[in-house]
Structure formats: C-alpha cells, structure tokens
Number of protein chains: 2
Amino acid sequence: MNVRTICLAILYDGEATGYEIRKLSVEGEYSYFIDASYGSIYPALARLETDGLVTSRVEVQDGKPAKKIYSITAAGRSVFIQSLFEKLGQDEFRSEFLLFLRFATELPQSLVEQRLSERLAEVDAELADFDRLKQQHSHPGDAWVIDYGRTCMQASRNYIEAHRGELIAMARPDTGEAAAAE
Amino acid sequence: MNVRTICLAILYDGEATGYEIRKLSVEGEYSYFIDASYGSIYPALARLETDGLVTSRVEVQDGKPAKKIYSITAAGRSVFIQSLFEKLGQDEFRSEFLLFLRFATELPQSLVEQRLSERLAEVDAELADFDRLKQQHSHPGDAWVIDYGRTCMQASRNYIEAHRGELIAMARPDTGEAAAAE
DNA sequence: CACCCCATGTAAGGCGTTACATGATTAT
DNA sequence: ATAATCATGTAACGCCTTACATGGGGTG
C-alpha cells in the first residue's frame with residue numbers, strides 16, 4: 001500500500017488538494033492506513049496526473065495561496081477498484097512500545113510505570129478520536145472500519161490496564177538515581 | 001525502530017547468526033516488531049561490529065556453509081538499554097485488508113465474503129502461532145507481549161466474525177460475472 | 001529432477017522522510 | 001511578537017527490498 005493508492009482512495013470519494021490529502025492521512029480517517037508527508041504526496045499526485053488517473057484545476061484564493069484541486073478520472077476509479085481485486089498485501093504492525101515492554105525486566109520500575117501511564121493516556125485520546133470520526137462519517141464502509149479499530153483499541157487498553165501490575169513487578173526496583181532523559 | 005536496534009534486541013538474549021536473526025524477525029517472536037531481509041541484516045551486523053557493539057566468530061560446519069556467530073558486547077548492551085530510555089516512536093499500523101473493507105460497497109459480495117473467510121483463517125493461524133510461541137518462552141517480558149498480542153488478535157477475530165454480515169450486506173450483489181483474478 | 005534449506009554477502013533501485021524554499025494571514 | 005495555518009513544491013538522504021551471486025546437502 002503506497003501513497004499513490006491512498007491518493008486514489010481519498011479522491012474516490014471527492015476532490016481534494018495535496019495539502020488536504022496529507023491532513024486526512026495523518027489526522028483523519030486514513031491515518032489507519034498510512035502516514036504520508038508532502039514530499040511523497042505531491043510527486044505522487046503529479047505522476048497520477050501524467051498517467052491520466054487524476055486531473056487538476058487551480059483555484060485562486062483571497063488572502064491564501066492558490067489551491068490545486070485534484071479529481072479522480074474514470075480511468076483512476078477503474079485502476080483503484082481493480083487493485084482491490086488483487087491479492088492483498090500483509091498487514092503491517094510495528095511497535096516500539098512493545099519492544100520496550102519486552103525488556104521491562106532490564107528497566108527501572110518508575111520508567112515502566114511512566115510509559116504505561118503515557119500509553120493509557122494516548123489510547124484514551126485515540127478512543128475519543130474514533131468517536132469523533134464516527135459521528136462525522138455516514139459512509140457505511142467507514143463506519144465499519146472505525147468500529148473495528150475502536151474495538152481493537154479498547155481490547156488493547158483493557159489488557160494493558162488489567163496486566164500493567166505484572167510488568168511493574170518484573171521491572172528493576174528503583175535505586176536512588178533519577179529515571180533518565182526524555 | 002530499525003534493523004540495527006532489532007539485531008541488538010535479539011543478541012541481547014544470546015548469540016545468533018544473520019540467518020537466524022532474519023528467521024526470528026520473520027517467523028519468530030520478533031515478527032511483531034519488524035520484518036527484516038538479508039539485505040538489511042547483514043550490513044547492519046557489519047556496521048554494529050565496526051562500532052564495537054557486537055563481536056563475531058566463524059564456526060565451520062560439516063556439509064553446511066560456515067556460520068558467522070554474533071555476540072553482543074557490554075557497549076552494545078548499554079547502547080540498547082539506553083535507547084529504551086529515550087522517547088518512544090509511534091506505533092505503526094497499516095492494513096490493506098481494512099482499505100479493502102472500506103470499499104466493500106464498491107465490490108462484489110462474493111469477493112468480500114471470500115476475503116473475510118481468508119482473513120479469519122489467517123487470524124486463526126496466527127492465534128495458533130501465538131500459543132506455540134507462548135509454550136516456548138519462559139522469559140516474562142516475552143510472555144506478557146505474546147499474551148497482549150493474542151488478546152488483541154482475538155478481539156479482532158471476534159469483531160470480524162460478529163460483523164461480517166454487515167459488510168456482505170453492503171457489498172454489490174453478484175451479477176453473473178466470475179469474481180476476478182488472484 | 002526440482003526445489004527447499006542452510007548460509008553469507010553485494011548492488012541497484014524504490015519509496016519514503018526531513019529539511020529547505022517561499023510567503024501571506026490569523027490566532028495567542 | 002510568535003507561532004500556527006494555509007499551500008505547493010524540490011533536493012538530499014536514509015533505509016529497506018528485490019534480485020543476483022555461490023554452492024553443498026537433503027527431501028518429494
């Protein structure tokens with residue numbers, strides 16, 4: 001799943017600028033698929049236009065920079081849907097947090113405790129975010145995926161809360177030293 | 001979280017060759033942190049050795065190619081643990097499967113049904129894998145992380161099974177055409 | 001007979017990030 | 001005043017993947 005595909009997916013439901021696509025991919029509903037930066041989005045859109053999968057028009061604005069609004073073409077829709085027929089790539093999951101927890105036995109108790117609390121707060125923020133997203137979107141596919149994400153996130157939270165004590169117990173008791181840098 | 005760090009993490013618990021590290025990162029317990037290929041592991045180990053964080057010795061074998069066995073040094077241990085004190089990177093999650101489901105309304109019912117069944121089978125295989133991993137590992141950090149993974153995976157499975165009907169209902173009813181390629 | 005496992009490594013190329021360049025407007 | 005938001009784009013660089021190179025031994 002590359003930036004190109006995500007651009008087509010976003011444009012499938014309506015026009016957007018590169019700037020908006022980045023926002024959606026970082027903060028919006030698409031953040032559960034990818035996190036794309038300008039440096040990848042703008043070149044991807046340019047190439048999609050060359051390939052005839054999207055078109056653009058420039059809209060001059062008052063007091064703001066001009067926008068380049070992209071729309072998907074019939075060819076673009078077809079290519080995108082066709083790509084969904086192909087064999088799906090593997091889901092990817094990477095967690096520095098879990099690597100950290102795996103080594104709880106080598107780390108000071110206070111640090112482990114702190115990171116667990118931070119994570120719970122992050123998860124709560126994400127859960128609230130799911131609720132916010134859900135209210136905005138009536139598209140049924142969106143709703144399903146958002147509920148799925150929320151459910152998994154909630155399961156993760158429940159597990160962490162129920163079993164955090166075990167991690168703290170296996171960590172190294174704090175000796176006088178301050179639990180280092182940020 | 002890069003290949004370098006994963007190599008140190010694996011070597012933290014004992015010696016290994018580049019070949020073994022790749023296996024662990026793809027099939028073993030570390031597959032939940034990264035999926036690394038030879039092309040990244042061998043150069044990473046070479047650089048770690050130059051930097052004095054690991055050492056190696058060659059073991060000649062009968063009927064098999066010679067092995068290059070890497071061990072972590074005291075400096076390596078220290079650098080690795082120190083890296084865990086630093087601010088943690090964001091967890092990453094990417095799912096082509098969810099992107100596919102988001103567009104269920106645009107896809108034939110039979111295809112959606114097929115992909116859901118495939119996924120349930122994959123999840124079951126992964127759950128079995130978690131159980132297998134759990135029996136092998138007595139390291140408490142490992143056990144915690146494996147249980148965490150298993151719990152989240154089970155929650156995902158439950159949700160898919162309970163709500164698959166909604167996706168199938170929103171998909172396009174099959175017209176005569178065969179539900180395309182693989 | 002073909003293919004997979006063991007085992008190490010290199011080279012080319014893809015895909016993405018970060019930082020840079022630019023600049024007006026609006027909120028704190 | 002200072003920073004954030006809007007808005008587009010390029011250039012350098014990093015990190016990893018894929019494919020190649022090599023080759024004996026075991027399995028279907």
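Chain letters run A, B, ... following the sequence lines, proteins first and then strands; every chain starts at 1. Remember, predicted model here, so these are calculated numbers, not experimental data.
- Among residues at least two apart or in separate chains, salt bridge (charged side-chain N to carboxylate O under 4.0 Å, His left out) pairs with a member in residues 99-111 of chain A are A/Arg102-B/Asp13, A/Arg102-B/Glu29, A/Arg102-B/Asp142, A/Glu106-A/Arg172.
- If you measure from atom CZ of B/Arg47 to atom P of C/dG9, you get 17 Å, rounded to the nearest angstrom.
- With sequence neighbours left out, the ring pair (Phe, Tyr, Trp, His ring centres under 6.0 Å) criterion links B/Phe33 to B/Tyr30.
- In this structure, the CZ atom of B/Arg4 is 13 Å from the P atom of D/dG14, given to the nearest Å.
- Considering only residues two or more places apart in sequence or on other chains, B/Arg22 meets the salt bridge (charged side-chain N to carboxylate O under 4.0 Å, His left out) condition with none of them.
- Residues satisfying the ring pair (Phe, Tyr, Trp, His ring centres under 6.0 Å) test with A/His163, not counting sequence neighbours, are A/Tyr159.
- In this structure, the ring pair (Phe, Tyr, Trp, His ring centres under 6.0 Å) partners of A/Phe130, at least two apart in sequence or on a different chain, are A/Tyr32.
- No contact: B/Asp62 has no heavy atom under 4.0 Å from any strand.
- Evaluation of the side chain to side chain contact (heavy atoms under 4.5 Å, CB included) rule for B/Ser83 yields B/Phe80 as partners, not counting sequence neighbours.
- If you take CZ of A/Arg94 and P of C/dG16, they are 14 Å apart, rounded to a whole angstrom.
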Decide yes or no on side chain to side chain contact (heavy atoms under 4.5 Å, CB included) for B/Tyr70 and B/Ile21, but give the supporting numbers first. CA-CA 10 Å; B/Tyr70 287 92; B/Ile21 289 174; 5.7 Å; no
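- At the phosphate of D/dT17, OP1 or OP2 sits under 4.0 Å from a side-chain N or O atom of B/Ser40.
- Here D/dA7 presents its P atom at 13 Å from CD1 of A/Ile21, a figure rounded to the nearest Å.
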What protein N or O atoms touch nucleotides 20-22 of chain C N or O atoms at under 3.5 angstrom, if any, and at what distances?
none

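- Using a 4.0 Å heavy-atom criterion, one finds that A/Gly39 contacts the bases of the nucleic acid, with or without backbone contacts as well.
- In this structure, A/Glu49 places its CD atom 13 Å from P of D/dT8, rounding to the nearest Å.
- One interatomic measurement links the two molecules: CD1 of A/Ile41 to P of D/dT10, which rounds to 14 Å at whole-angstrom precision.
- Legend: salt bridge (charged side-chain N to carboxylate O under 4.0 Å, His left out) pairs involving residues 33-44 of chain A, not counting sequence neighbours: none detected.
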Polar atom pairs between nucleotides 3-7 of chain C and protein, under 3.5 Å, N or O only, would you list them?
residue: C/dC6; atom: OP2; partner: B/Tyr19; partner atom: OH; Å: 2.8
residue: C/dA7; atom: OP1; partner: B/Gln61; partner atom: OE1; Å: 3.1
residue: C/dA7; atom: OP1; partner: B/Gln61; partner atom: NE2; Å: 2.8

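- One atom, CG of A/Leu48, and another, P of C/dC15, lie 13 Å apart when rounded to the nearest Å.
- Computed from coordinates, the A/Asn2 CG to D/dT18 P distance equals 14 Å when rounded to whole Å.
- B/Arg77 forms a cation-pi arrangement with B/Tyr12, by the criterion of a distance under 6.0 Å to the ring centre and an angle within 45° of the ring axis.
- In this structure, A/Ser37 does not reach the C/dG16 phosphate: none of its side-chain N or O atoms is under 4.0 Å from OP1 or OP2.
- Using five terminal pairs a side, the axes of the helix from C/dC1-D/dG28 to C/dT28-D/dA1 at its two ends make an angle of 50°, given in steps of 10 degrees.
- Every ring pair (Phe, Tyr, Trp, His ring centres under 6.0 Å) that A/Tyr42 has, sequence neighbours left out, goes to A/Tyr38.
- Residue pairs meeting the salt bridge (charged side-chain N to carboxylate O under 4.0 Å, His left out) criterion with at least one partner in residues 38-56 of chain B, sequence neighbours excluded, are B/Arg4-B/Asp51, B/Arg47-B/Asp51.
- Atom CD of B/Gln90 has 12 or fewer neighbouring heavy atoms from other residues, nucleotides or ligands inside a 6.0 Å radius.
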